[in-house]
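One structure is given below, encoded as structure tokens.
In what follows, chains are A, B, ... by sequence order, proteins preceding strands, each numbered from 1.
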Amino acid sequence: MCGMCGLLGGGNHWSNSGVPVDGASVRRRRHLQVSLANRILTAFRLRLDDFQGQSFILRSPTGAVELVADFTEIWKVAEKMLGRSLDPLVLFENETDQ
Amino acid sequence: MSTAYDVIPITLVTGFLGSGKSTLLADLLQGDAARDTAVLVNEFGEVGLDHLLIGAIDAQTILLDNGCLCCAVRGELREALATLYSRRSRGEVPAFSRVVLETSGLATPAPIVATLLGDPIIRSHFVIAGTLTVVDAANFEWQQRDHPEWLAQVSAADRLLVGKADLIDQVRTDRLFAILTELNPTASIVVKQTSTDTNVLRASLFEPGDIHNMIRNLGKAARNAFPSRSQAPYKHREGLLDSQVTSFCMTFDTRIDWEVFTLWFTMLLNRHGNSILRVKGLLWLKGSERPAILHAIRHIVYPVLHPENVDADLSGDKISQLVFIAEGLTLDRLVSSYRRFQHQLEDCSR
């Protein structure tokens, strides 16, 4: 974490190293990633926001808020907030999966 | 942009106890070949012996003797590398251009890779050039059966070096090759025999990961992939039944949407990372004419590379492929899971 600004520095995470030349700015791609993640998380009443292009803020319906560095951590924290696992092998198996 | 400092390649040399790692290094790091190489040796036990065994080599040898590198001395590994780089910068040691890290025979490579990739200082100065796993041809059956470390070491390899092959007959050699090819279809295999050219062995130790070679191996792996154990007629599969480890190749019929893929893959590693020994693959992304090289060991994903100038022969059909070495996961489950993600997310991603 940066001692001056408190940012977690998740910008180096592998998921940020996407398409090198397609005209989309890094910022735009990050917002796209967040909106897609929210398509998953909204079903569980969680919400993700970008924080300074370096980290993310994950919020639960009960008011819990956590600053997380990258997508590796997001799913861990989401599972902790929900008290249940998020398994991609069964997610979306039926549209009513909550 | 160029870096204002050197980034030094590290070759990880692993292999089970007694497989011949130290002997190999002693053979290969003599004379001029070792002049620009620093060697870190990890010992398991109270008294380090391996540094005595390879004491004849000319490289600078540092002994990490506080225990197994996979658990006890990750902090020490970090400190040793940082100190080594610092001393090199100050001119206290010769300006080595590569590092060989010999792990203890009981180390599993994933935590070591995590240390090398996770520490901001270490990853700024060092890059993992590859993992060479030495396989003991004379003892592979019981090592495979009794020690999960053997499996972790073989599956983590970029290159497999089969030692003591002179000691076994052709039937056992064929069986070992079949097992290695199934467990790690993307790794190249070199056999060390008394007649083997030292330069060939040295190349397997030092040559950086060649993208073209890796793509070739991936293509080979895709052709030889074993979609499920039940469809496999090979006798050696019986030896793998207990471990439930299989390798399979996941092929994508459309270009990859990077954002959708990263959500799916990070979630997969979060929940099933302990079951995924290795993932290696080539992804063709929407919006890019350069492939993305993905490389993961358990939960850890290496920095993604986007190589330029990939041979047209190798990239002609531009089909994305991921080779998984996994325990208890099947190709069908992964494919249907990814398709559901595609269906749910891709319609709103553009």
* Non-hydrogen atoms of B:Phe265 and A:Trp14 that approach each other most closely -> CD2-CH2, 3.6 Å
* Contact class of B:Leu269 relative to chain A, heavy atoms under 4.5 angstrom -> neither
* Non-neighbouring partners of B:Tyr338 that pass ring pair (Phe, Tyr, Trp, His ring centres under 6.0 Å), sequence neighbours left out -> B:Phe252, B:Trp264
* A:Ile40 and B:Met267: which non-hydrogen atoms are nearest, and at how many Å? -> CG2-CE, 3.8 Å
* To do: Could you check B:Thr266 against A:His13 for side-chain contact (heavy atoms from CB on, under 4.5 Å), going step by step and ending with a plain yes or no?
  => CA-CA 11 Å; B:Thr266 49; A:His13 192 253; 4.0 Å; yes
* **Exercise: identify the closest heavy-atom pair between A:Thr72 and B:Asn270** => O-OD1, 4.2 Å
* With sequence neighbours excluded, what pairs up with B:His272 under the ring pair (Phe, Tyr, Trp, His ring centres under 6.0 Å) test? -> none
* Is it the backbone or the side chain of B:Ile256 that comes under 4.5 Å from a heavy atom of chain A, or both, or neither? -> neither
* From A:Leu32 CG over to B:Trp258 CH2, what is the distance, rounded to the nearest 0.5 angstrom? -> 13.5 Å
* If you take all heavy atoms of B:Arg340 and A:Leu89, which pair is closest and at what distance? -> NH2-O, 2.6 Å
* Structure fact -> The single option from A:Arg30, A:Arg29, A:Gln33 that satisfies side chain to side chain donor-acceptor pair (under 3.5 Å) with B:Glu259 is A:Arg29
* To do: List the atom of A:Pro88, the atom of B:Ser337, and the distance in Å for their closest heavy-atom pair.
  => O-OG, 2.7 Å
* **From A:Leu36 atom CG to B:Asp257 atom CG, the distance as rounded to the nearest 0.5 Å** => 7.0 Å
* **Part of B:Leu294 within contact of chain A (heavy atom distance under 4.5 Å)** => side chain
* Considering only heavy atoms from C-beta outward, does the side chain of A:Phe71 approach that of B:Thr262 to under 4.5 Å? -> no
* Structure fact -> Between the CH2 atom in A:Trp75 and the CZ atom in B:Arg271, the distance rounded to the nearest 0.5 Å is 12.5 Å
